[in-house]
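Here the structure comes first, spelled out in structure tokens, and everything after it is commentary.
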There are 2 protein chains.
Amino acid sequence: MKLAVSGKGGVGKTLLVSLLSKIFAESGYSVLAIDADPNANLAATLGFPEPEKITPISEMKELIEERTGVQPGKTASFFKLNPKVDDIPEKYALERNGIKLMVMGRMKKGGSGCYCPENALLQALVTHLLLARNEVVILDMEAGIEHLGRATAKAVDKLIIVVEPGRRSVETALRISKLAQDIGLPNIAVVGNKIRSQAEREFLISNLPGFKFLGFIPYDQAIVDADLANLPLLDSSQAIINEVRNIFQALI
Amino acid sequence: MKLAVSGKGGVGKTLLVSLLSKIFAESGYSVLAIDADPNANLAATLGFPEPEKITPISEMKELIEERTGVQPGKTASFFKLNPKVDDIPEKYALERNGIKLMVMGRMKKGGSGCYCPENALLQALVTHLLLARNEVVILDMEAGIEHLGRATAKAVDKLIIVVEPGRRSVETALRISKLAQDIGLPNIAVVGNKIRSQAEREFLISNLPGFKFLGFIPYDQAIVDADLANLPLLDSSQAIINEVRNIFQALI
């Protein structure tokens with residue numbers, strides 16, 4: 001199964017990707033988590049030590065050119081199918097607690113350009129990975145909608161849009177949903193996050209009619225406090241973990 | 001004065017840009033607010049009716065090619081200085097309550113590409129605008145750090161980074177600051193947002209040593225409630241307005 005998690009900035013994409021990765025891994029799945037945001041936070045949230053030392057995909061250009069026969073920077077439609085991409089996560093991802101992690105790349109220098117080549121590489125990788133039944137790939141997408149212009153995630157089986165109770169978050173979800181359909185991604189589901197009340201839950205349901213909700217993750221001050229105290233986030237809220245377990249069940 | 005507001009997704013960039021625009025306008029400045037985020041929310045937050053009908057900069061390509069002599073899509077370094085760019089806001093921005101608004105552009109269709117050409121156009125526009133003493137341009141940047149790779153805002157006088165009490169927001173601010181210096185933008189200031197306590201204020205100060213703080217905007221449930229009730233945001237919290245007035249004073 002290939003999943004991508006998208007949404008407005010700050011809604012909680014990285015936390016959901018991290019908890020889903022953890023729960024899939026604990027349930028016996030082989031998990032490949034990919035941070036597709038140049039403002040990369042997934043490694044830190046997953047608790048990888050020294051996240052800045054992970055080799056990003058953007059520094060594997062020669063490797064991917066060798067494998068796909070195409071120079072990075074070209075649009076993704078020119079990449080040819082090549083099963084040899086399959087060994088890249090095995091060889092180049094870091095692993096911790098049963099989760100393999102790759103990061104698309106960090107912006108190394110201001111003025112050095114956009115992330116189009118990296119997105120093209122990532123799209124090729126996600127498209128060409130052949131997964132066994134117990135394997136799952138989870139992409140943590142960049143905030144907002146530009147990745148949909150680039151169609152980075154077009155090869156995923158399901159796009160999960162995270163929303164929080166707020167008008168801009170809902171508007172972003174509607175834009176993402178529309179753009180996702182343009183790139184042939186009709187399998188879309190929504191996760192509500194930071195839910196404080198029944199009214200907030202109903203706000204999301206009534207403002208996103210026709211959307212399938214996988215779950216509603218409660219707001220929990222414990223996770224905010226853990227963050228400020230620089231404690232690990234993933235174990236800090238049992239209420240949040242329980243709901244992400246329900247979301248995991250809904251996915252499988 | 002040319003300002004750009006940056007930060008992690010969800011920290012409150014658009015709200016700060018909107019309130020600063022309002023306060024500058026009320027103080028007699030001529031304000032040009034530019035939404036540089038393809039996931040555009042500024043028009044709605046400023047209360048412009050029918051925000052989807054505003055002509056985005058991305059649809060002014062022929063105009064800007066005519067004025068700059070360069071085909072859009074080329075890197076911005078090829079744009080030549082041309083004072084005729086100066087009349088573009090006058091002719092093409094919408095105006096409401098003394099605020100002129102331009103939007104960079106919306107993603108119209110999934111898979112249609114990245115926002116590099118639009119960012120190049122915007123960079124040229126911001127670079128070439130000649131401002132009188134009582135004129136101010138405020139850019140609402142895309143969430144995260146990619147716009148710094150593109151150097152979209154390199155011609156601004158000051159980059160304001162919005163942070164909220166949270167580790168990822170602080171890490172993003174540090175990355176933005178580093179990348180901004182690469183593109184020759186050393187004039188950086190920080191605004192703390194959603195501050196609930198003295199401890200949260202101190203968290204930001206201690207985690208961003210050496211940064212100049214323009215102010216600390218309090219968390220106010222009133223603005224969240226106004227958003228959920230679909231009421232105008234800008235008048236919903238006197239506490240927030242008061243602190244943004246202080247930030248305005250610190251800027252001028």
Side-chain angles (χ1 to χ4, degrees), chain A residues 7-15 37-41 44-45 75 77 106-116 119 142-151 154 164-169 171-172 175-176 178-185 196 199-200 203 207 224 227-230 233, chain B residues 7-15 37-41 44-45 75 77 106-116 119 142-151 154 164-169 171-172 175-176 178-185 196 199-200 203 207 224 227-230 233:
Chain A
K8 185 175 182 304
V11 293
K13 292 181 289 298
T14 300
L15 185 71
D37 187 351
N39 187 27
N41 290 315
T45 306
T75 60
S77 54
R106 288 171 290 273
M107 190 74 61
K108 283 186 170 167
K109 198 169 159 59
S112 57
C114 69
Y115 257 58
C116 298
N119 273 280
E142 189 172 7
I145 62 173
E146 185 164 8
H147 70 82
L148 290 150
R150 292 160 163 163
K154 74 173 183 179
E164 62 182 10
R167 210 154 283 279
R168 310 302 168 226
S169 157
E171 283 163 10
T172 303
R175 288 173 187 166
I176 289 171
K178 190 192 150 298
L179 294 166
Q181 286 170 39
D182 292 339
I183 58 171
L185 251 179
R196 291 164 192 262
E200 291 192 347
F203 170 87
N207 281 283
V224 179
D227 182 45
L228 293 178
N230 205 13
L233 297 188
Chain B
K8 185 175 181 305
V11 293
K13 292 180 290 297
T14 299
L15 186 70
D37 187 350
N39 187 25
N41 290 316
T45 306
T75 60
S77 55
R106 287 173 290 273
M107 192 73 63
K108 283 186 171 167
K109 197 167 159 59
S112 56
C114 69
Y115 257 58
C116 298
N119 274 280
E142 189 172 8
I145 61 173
E146 185 164 8
H147 70 84
L148 290 150
R150 292 161 163 161
K154 73 172 183 181
E164 64 182 10
R167 211 154 281 279
R168 309 301 168 227
S169 155
E171 283 163 10
T172 302
R175 289 173 187 167
I176 288 171
K178 191 193 151 295
L179 295 167
Q181 287 169 39
D182 292 338
I183 58 170
L185 251 180
R196 292 166 193 261
E200 291 193 347
F203 170 86
N207 281 282
V224 179
D227 182 46
L228 294 178
N230 205 13
L233 296 189

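Here the structure is a predicted model, which is why all the values come from computation and not from measurement. Excluded from the calculations below are hydrogen atoms, water molecules and symmetry mates; all remaining heavy atoms, backbone and side chain alike, are included. Labels below follow one simple rule: chain letters A, B, ... track the order of the sequence lines, proteins then strands, and each chain is numbered from 1.
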Chain A contact via [X] - side chain, backbone, both or neither, heavy atoms under 4.5 Å:
{"X": "B:Asp37", "value": "neither"}
{"X": "B:Glu142", "value": "side chain"}
{"X": "B:Glu200", "value": "side chain"}
{"X": "B:Ile176", "value": "neither"}
{"X": "B:Ala180", "value": "neither"}

All side-chain contact (heavy atoms from CB on, under 4.5 Å) counterparts of B:Glu171, not counting sequence neighbours: A:Asn41, B:Arg167, B:Arg168

Any residue meeting side-chain contact (heavy atoms from CB on, under 4.5 Å) with A:Ala143, in chain and number order, not counting sequence neighbours: A:Lys13, B:Ala143

Expected output: side-chain B:Arg196 to main-chain B:Pro165 donor-acceptor under 3.5 Å: no

B:Arg175 CZ to B:Leu148 CG distance, which is reported to the nearest 0.5 Å: 12.0 Å

Pick from A:Ile183, A:Thr172, A:Val11 with the largest number of heavy-atom pairs that fall under 4.5 Å of chain B: A:Thr172

Choice from A:Thr14, A:Leu185, A:Thr45, A:Val224 maximising heavy atom contacts with chain B below 4.5 Å: A:Thr45

Residue pair A:Leu179 / A:Ile145: nearest heavy atoms and the distance that separates them: CD1-CB, 3.9 Å

A:Asn207, part contacting chain B, at a heavy-atom distance under 4.5 Å: neither

